[in-house]
Protein chains: 2
Amino acid sequence: MEAKAETRPSRKGIILQEAARLFREKGYRASTLRELARRSGVKGGSIYYHFASKQEILYRIMDETMNNLLQGLEHEIREEQDPVHRLNRGIEFHIRYHLENQDETHVADTELINLGDDHRRRIVGKRAEYERTFSGILEEGTREGVMGVGNTKLASIAVLQMCTGIPYWFNEEGPLSVDEVVAQYIDFVFWGVLGRAGRRESI
Amino acid sequence: MEAKAETRPSRKGIILQEAARLFREKGYRASTLRELARRSGVKGGSIYYHFASKQEILYRIMDETMNNLLQGLEHEIREEQDPVHRLNRGIEFHIRYHLENQDETHVADTELINLGDDHRRRIVGKRAEYERTFSGILEEGTREGVMGVGNTKLASIAVLQMCTGIPYWFNEEGPLSVDEVVAQYIDFVFWGVLGRAGRRESI
DNA sequence: GTCTATAACTAGATAGAC
DNA sequence: GTCTATCTAGTTATAGAC
């Protein structure tokens, strides 16, 4: 029912998009509905025709983001069998989605604290599910002997945490392209700081 | 002049400590000075005898944290020459400091957005300095050939980001000790998910 | 140094016209 | 579906007594 992230012609969609941008710029609590209304091209009261509360707007942004991540990841790794390739594609998807939807993912990653208990539990559940997909890959790879991870749960959290942080410093006009960032991070995740020296295999 | 983090007998110190805890729990914007006063054992107005504004309290927490990190890191790696050992000790210090000062570091890591321009610039400057120490180590190690990092600036950011995130999921009552977390993360940073299989050297 | 009282303001949310 | 107008509550910060 909801349109894709790219083209949201409806007023409701515009408000969500502007809300993500505003919340990212100032933080949820510091953002006012008056400012959101102004940016969305309506007056303050009109927001409440589309949403029951400010809180609901935040939840919609975060929930849609998590759904996109879960479905996108699943779709991306579905056909791959080899754990190394699955991890490779999973990380690439994660980074690209975060760089292509910076406002929404930033909000989803930082505003958990401002959700009510019920909403927060639902988002946390989806995050846990997303993370389990990655730890499952690391587990499988380690069991098969193509990876060597001591604690797969820890490592999967570490991988996601570092990739999630990319939009914080990435600059479109900077020297690095998205492709290069993806390549560097994947390289680092697989090989660590010691690098390829002395390894017998390559990916 | 300021006492150590552990024992802060002065009222001012108590307020700072409670503020870090409160800001971490609810976020800076959602925290009220009335609540902070209550937790600190004083009435609302009394806060202003010690601090000029709510903003100043936030800045003090973040600035003190950055100073501790900078000095602590410097002290920790001063005597080490080998880049591998320097990185090892640097990461261990970073993780331990974050786990031993969770309230303050969490605030320092998440509330940048709520600082005024001037204050924010100063904190960002110190963060950059801290990060440069790590990228410098990676650069040196790569130049010497004991490490193999493609982009040292990227890798240092990645390392810090994943370690900084540890307090988000770490649980004192959980199955993992601080020592184990440190060991796992250092292992992952050095060797990546592919692990030790096929490597000729060890650290 | 800490208190009480309050000023000055701002935000989320609602009601009802159009 | 959007507007104007407003209610209500809560916030930072200040003033002055003790």
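Within every chain, numbering begins at 1; the chains are lettered A, B, ... in the order of the sequence lines, protein sequences first and strands thereafter.
Going from atom CZ of A:R29 over to atom P of C:dA11 covers 13 Å, rounded to whole Å. In this structure, A:H50 atom NE2 and C:dG12 atom P are separated by 17 Å, rounded to whole Å. Protein atom CD1 of B:I47 is 11 Å distant from nucleotide atom C1' of C:dT2, rounded to whole Å. To the nearest angstrom, P of D:dA13 lies 9 Å from CD1 of B:I57. Atom-to-atom, CZ of B:F51 to C1' of C:dG1 comes out at 14 Å; the value is rounded to the nearest Å. Remark: P of D:dA13 and CD of B:E56 are 10 Å apart, rounded to the nearest angstrom. Taking atom CZ on A:F23 and atom C1' on C:dA11, their separation rounds to 13 Å, with Å as the unit. Atom CG of A:L33 and atom P of D:dA5 are 19 Å apart (whole Å).
For B:V42, the side-chain atoms get nearest to C:dT2 when compared with the rest of C:dA13, D:dT2, C:dT2. Distance from the side chain of B:R11 is smallest for C:dT2 among the nucleotides C:dA13, D:dT12, C:dT2. For A:Y48, counting side-chain heavy atoms from C-beta on, the closest listed nucleotide (D:dC3, C:dT14, D:dT2) is C:dT14.
Aromatic ring centres of A:Y168 and A:H106 lie closer together than 6.0 Å.
No salt bridge links B:R127 with B:E131; every basic N to acidic carboxylate O contact stays at or beyond 4.0 Å.
For C:dG12, its base sits under 3.5 Å from the side chain of A:R34 at one donor and acceptor pair at least.
Side-chain nitrogen and oxygen atoms of B:S46 include at least one within less than 4.0 Å of the OP1 or OP2 phosphate oxygen of C:dC3. For the OP1/OP2 pair of C:dT2 and a distance below 4.0 Å, the side-chain nitrogens and oxygens of B:K43 include no atom meeting the criterion. OP1 or OP2 of C:dG1 lies within a sub-4.0 Å distance of a side-chain N or O belonging to B:Y49.
A:S40 comes within 4.0 angstrom of nothing in the nucleic acid, heavy atoms only.
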Verdict with supporting geometry, A:V107 and A:T65, side chain to side chain contact (heavy atoms under 4.5 Å, CB included): CA-CA 9 Å; A:V107 170; A:T65 299; over 6 Å; no
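Screening B:Q17, B:E104, B:E111 for a side-chain contact (heavy atoms from CB on, under 4.5 Å) with B:I61, the sole residue that qualifies is B:E104.
The aromatic rings of B:F134 and B:H94 sit perpendicular to each other, their planes meeting at more than 60°, with 30° as the lower class boundary.
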